[in-house]
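These notes are about the structure you will find just below.
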Amino acid sequence: MAGQTPLVGRRSELRKLLDLVRAAPAVVRVEGEAGVGKTRLLQELRTQPGLHCRTWLTGSGQPLREPLPLAPVIDAVLSGDGAPWSTDPVLGALVPMLPELGARLPPALPPLGDLRAERHRVYRALRHALAAAGSVVLVLDDLHWVDDVTADFLRFLAGHLPAGLSVVLARRPAAADLPGGRLRLEPLDLDETVEMVRAMVRDRPPARAAATLLRRTGGVPFAIEEVVRAAVEHGALWEGLDGGLVPDGYAEAIARRLERLDEVSRQVMFAACVLGAPVGGVDLLTVAGVPLTDGEGALDRLIAAELLRESGGRYHCRHELAERAVLRAMGPARAQRLHRRAAEVLLTAATPPHRRVADHLRAAGDTTGWRKYAELAADRAVEVGDTGGAVDLLSDLLAAANDPRERHRLAVKLGRVALDGVDVTATVALLRDLLTIADLPKSIRGELRSELGLLLLNQTGSPTEGYLELARAAAELRGPRPDLAARVMSSLANVHAGQQHIDVHLRWLAEAEGLSGAITDERARVAFQVNRVTTLMTRGEPDAWQQAAWIFDEPADAEIGRHCTRGCLNLADAAGWLGHYDRAARLLEHGRGLDSTSSYVVELLQVASVLLDWLGGRWTGLRPRAGEMAVRYASLPRIAAECRLIAGALAAEQGDVADAFPLLRMAVADGPPPVVATAYALIAELRHRRQVRSGVVSGIESALRVVRSTGMWVWAAEVTPVAVELLCAVDRYAAAREAIEEHRAGVRGLDCPAAAGALALSEAMLAHERGEWDAAEVGYREAALLVGDRPQWLARTLQRRAEAMFAVGHDGVEPLRDAERLFTGMGATVRAQRCRDALRARHALPAPRRGRPGYGEKLSPREREAARLAAQGRTNRQIASSLGVSVRTVEQHVARALHKLRVGSRTELAAVLGPSEVDGPSTAAP
């Protein structure tokens, strides 16, 4: 990074300056704040082609308390080694000012006795010298430090410019008025900041580091360069750009600028930097301890010096780096005094900014005041939803607390606040840290541990770990907090918790009910009841619906409403797996009514509706919905796994094995027990369908193992029929019979229509495979009645029944046709095609003709259906999924429909087809 930094972000300004200098005679002012790159631009100007033949005379102002008259001009004249000094008598006026030129000047002129006349003579002499130099570029830098005499000369020169002279004057904006056209240099923007860093270190900074660097430096190139160089020297480049580093060189430059200020201006500047935010003039001067009469002039001087900025009557430091450099130059005693005044002024506001007050009091050394206002700030942060800010404040307070009771109180408060945080990983880490506090009472430790357990259980995909933490919490809370212990135990009773056997969860529920009398808070009691009825419903207890009826009552307040919404979600999920689809839909609808404002709740309700649509056979357009939600909820493993199961199952039904397998495997990895068991069964079925015998039996055994380990045969509606079918296919009839008997025992006395239908179907399938045709026929008829509201399983039952009828010489065409229609309507293209092949083999379906039927200018049934779906706004992929065809085929159907209907776009289809057809039922031919 050695050498000069390339010029960045000044191409346009350099081009304009070059054009002005070439057009001699000319005067141009280059203006911009300190460090913005005026001097660097002038250096670059001298290297430009076409200016090498010009004589360059350069000088600059100096930051002296009393600037020397004409000093930068004299320095410039002396800088031209080849200047052709003449013997013109007027140059004698310069002899007192240029004694080093000796014999090169004519004799000194006699005094005139009139100071103004003598000054005018000097001005003429300097102009004559510049004119004699020929083609000249006079560059005078830092003219904000010049005296009035120099400024007057430059005005005189601008009015009598020699023909070959170009004058470039560089200064800060608020300096004395000077002649010439104005060229303003602005700070760099974000892209230019990135370019400058890249030019210095040969690497592109991360977006966040670049944005922070721009904010800290205000885009001032000198500040950017200093920060980058310091960061490189510290060996942590990007962290240095993104941190609070104040380079020594920049701090020294700011310190020198402060030294040139009067004491009142310095005090106001210090106060502005201590406040650290835009503030009204009166408040700023109050913090500075400066009278209004003196302070107003100081404010003007600071703005003129480009140290303060004013916007809408409020004042603030130029940028963050300058602010930090000023604070670094301030002594500790002055800093504490100003921080104390800042807190006092802020507290006079109608709504005091408690966090800023707390920070000022802490910097002033007032620990008691800091604690008071920091906690008030944390409470306010919770009110406005700034959980992260509240956690930071409470964490600081907890770290500084010495009194055990205060530490315990803050630990509980911090744990409760952290539960609402977005970053689950950070919250888990925080709760683990809190649990390491050695002297926490059991009541507090148990509460914190219960919060940790719930996070692990519900949001991180760690059910076993979460279950263990909840069990420890229950043990710690039994004695000191029976009310909270009952709630924790009701969470342990949740059948999804820790993947324990149902008997374990029911024991937890029984103990929780025994302690529930200690729950006196109504909201806590509603939360307990939600957990209780969730367990009963998930289990399939016959009286669960009666015991859950209260959830449809109007909640007493918003918090109870949130618990009821959670209950609706839990019960709808349980009801869906049980096979109560209408009741589950009613629960979801009620949940939407309870909380339609929270986007998170609305989205969870949408996820629940996806599961319900899949289980209930409403598959049209469902695969893309499930796939989208699997991506959206990738950070919530249990929800994502459920969506992947559905997307994978539908991909398998549509013959997309390449998509189905990875989705189902991911569902196995992260899902809750019913999802895992179902995914295992579907993977085994796919392998069997592709005649890959390895892994079929082990996959079925894995599925059954999940169900057996939980004892939840009510979850086996998607598992047992597949298990029986595949086990019989490999002649393992005894294993199939064992699965059926376990299923029968597991659902006895329970309200689980889906599992009951699956049991009847499995019995019929086993009789079928054993050649017990009469029993199979009766079994399929019974199963068809039990699975009637599950189209996918009704179709499979009808298909199997037809196969059994054909096997004994009966006519099974009618049930086979019914099965084909159901499969086609759902988009289960693989199974529908199998039914069509079987019908065609029995001459019950016309053989396929070569070529398409000729419809002329009329739409074919497929073209009309594709056009109808396109008019509804469906994508080609969604239409392909609905019709069971490829995306390419859909593209052809839609293109032909547009041509035949003589419309130019899909949006015109709705008007041509008409609302009755667009909104009507599907008319696609099977």
Side-chain angles (χ1 to χ4, degrees), residues 7 9-33 36-61 70-86 88 90-91 94 119-120 122-186:
L7 190 69
R10 300 292 184 236
R11 295 181 185 87
S12 174
E13 291 87 345
L14 179 60
R15 186 167 55 253
K16 291 178 183 177
L17 181 58
L18 181 60
D19 291 343
L20 289 169
V21 170
R22 283 174 173 168
V27 180
V28 57
R29 300 194 319 270
V30 178
E31 295 185 351
E33 63 183 283
V36 82
K38 300 182 294 296
T39 302
R40 181 71 181 83
L41 180 67
L42 299 181
Q43 292 171 350
E44 195 73 18
L45 175 68
R46 191 162 186 171
T47 68
Q48 298 305 299
L51 297 182
H52 298 299
C53 59
R54 307 280 288 270
T55 298
W56 288 77
L57 305 177
T58 60
S60 63
L70 298 172
V73 181
I74 293 172
D75 289 343
V77 170
L78 292 174
S79 70
D81 294 335
W85 299 101
S86 71
D88 191 318
V90 73
L91 294 181
L94 301 179
R119 182 177 298 169
H120 182 257
V122 169
Y123 288 176
R124 288 172 49 232
L126 286 171
R127 179 193 177 279
H128 185 86
L130 292 171
S135 183
V136 172
V137 180
L138 174 63
V139 178
L140 302 178
D141 199 0
D142 289 335
L143 291 187
H144 40 274
W145 283 318
V146 298
D147 65 311
D148 292 340
V149 174
T150 305
D152 284 343
F153 167 71
L154 293 174
R155 296 186 191 100
F156 167 82
L157 180 64
H160 305 79
L161 276 179
L165 180 64
S166 295
V167 183
V168 181
L169 311 175
R171 63 166 199 171
R172 295 176 191 164
D177 186 32
L178 292 175
R182 180 172 175 267
L183 181 64
R184 169 80 184 191
L185 295 189
E186 300 293 345

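Along the sequence shown, residues are numbered consecutively beginning with 1.
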On a heavy-atom basis, which atom in [X] and which in [Y] lie closest, and how many Å separate them?
X      : Y      : value
Leu94  : Ala125 : CG-CB, 3.6 Å
Leu161 : Ala26  : CD1-N, 3.7 Å
Val146 : Pro72  : CG1-CG, 3.8 Å
Leu157 : Pro162 : CD1-CD, 4.1 Å
Val36  : Arg10  : O-NH2, 2.9 Å
Gly164 : Arg54  : O-NH2, 3.9 Å

Under 3.5 Å, is there a donor-acceptor pair between the side chain of [X] and the main chain of [Y]?
X      : Y      : value
Trp56  : Val139 : no
Lys38  : Val30  : no
Arg127 : His160 : yes
Glu44  : Arg40  : no

Review point. What is the ring orientation for Phe156 with His120, classed by angle as parallel under 30°, tilted 30 to 60°, or perpendicular over 60°?
Key: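 If you compare the ring of Phe156 with that of His120, the planes turn out perpendicular.
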Check your understanding: With no hydrogens and no angle check, do the side chains of Ser60 and Asp142 hold a donor and an acceptor under 3.5 Å apart?
Key -> no
Point to revise | Worked check of salt bridge (Lys or Arg N to Asp or Glu O under 4.0 Å) between Glu31 and Arg171 | key: CA-CA 5 Å; Glu31 295 185 351; Arg171 63 166 199 171; 2.6 Å; yes
Check your understanding: Could you walk me through whether Thr58 and Arg46 pass the side-chain hydrogen bond (donor to acceptor under 3.5 Å, both in side chains) check?
Key -> CA-CA 11 Å; Thr58 60; Arg46 191 162 186 171; 4.7 Å; no
Donor-acceptor contacts, no H, no angles, side chain residues 13-23, under 3.5 Å, sequence neighbours left out:
from, atom 1, to, atom 2, distance (Å)
Arg22, NH2, Pro49, O, 2.9

**Study point:** Leu143 and Leu154: CA distance, side-chain angles, deciding distance, side chain to side chain contact (heavy atoms under 4.5 Å, CB included) verdict
**Key:** CA-CA 11 Å; Leu143 291 187; Leu154 293 174; 3.8 Å; yes
**Study point:** Spacing of CG belonging to Asp152 relative to CG belonging to Leu70, to within rounding of 0.5 Å
**Key:** 9.5 Å
Practice item. Starting at CG of Leu57, measure out to CD1 of Ile74 and round the result to the nearest 0.5 Å. Key: 13.5 Å
Check your understanding: Are Phe153 and Val149 side-chain neighbours, meaning at least one heavy-atom pair lies under 4.5 Å?
Key ->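 Side-chain contact under 4.5 Å: no.
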Review point. Does any non-hydrogen side-chain atom of Arg155 lie less than 4.5 Å from one of Tyr123?
Key: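 Of all side-chain heavy-atom pairs linking Arg155 with Tyr123, none is under 4.5 Å.
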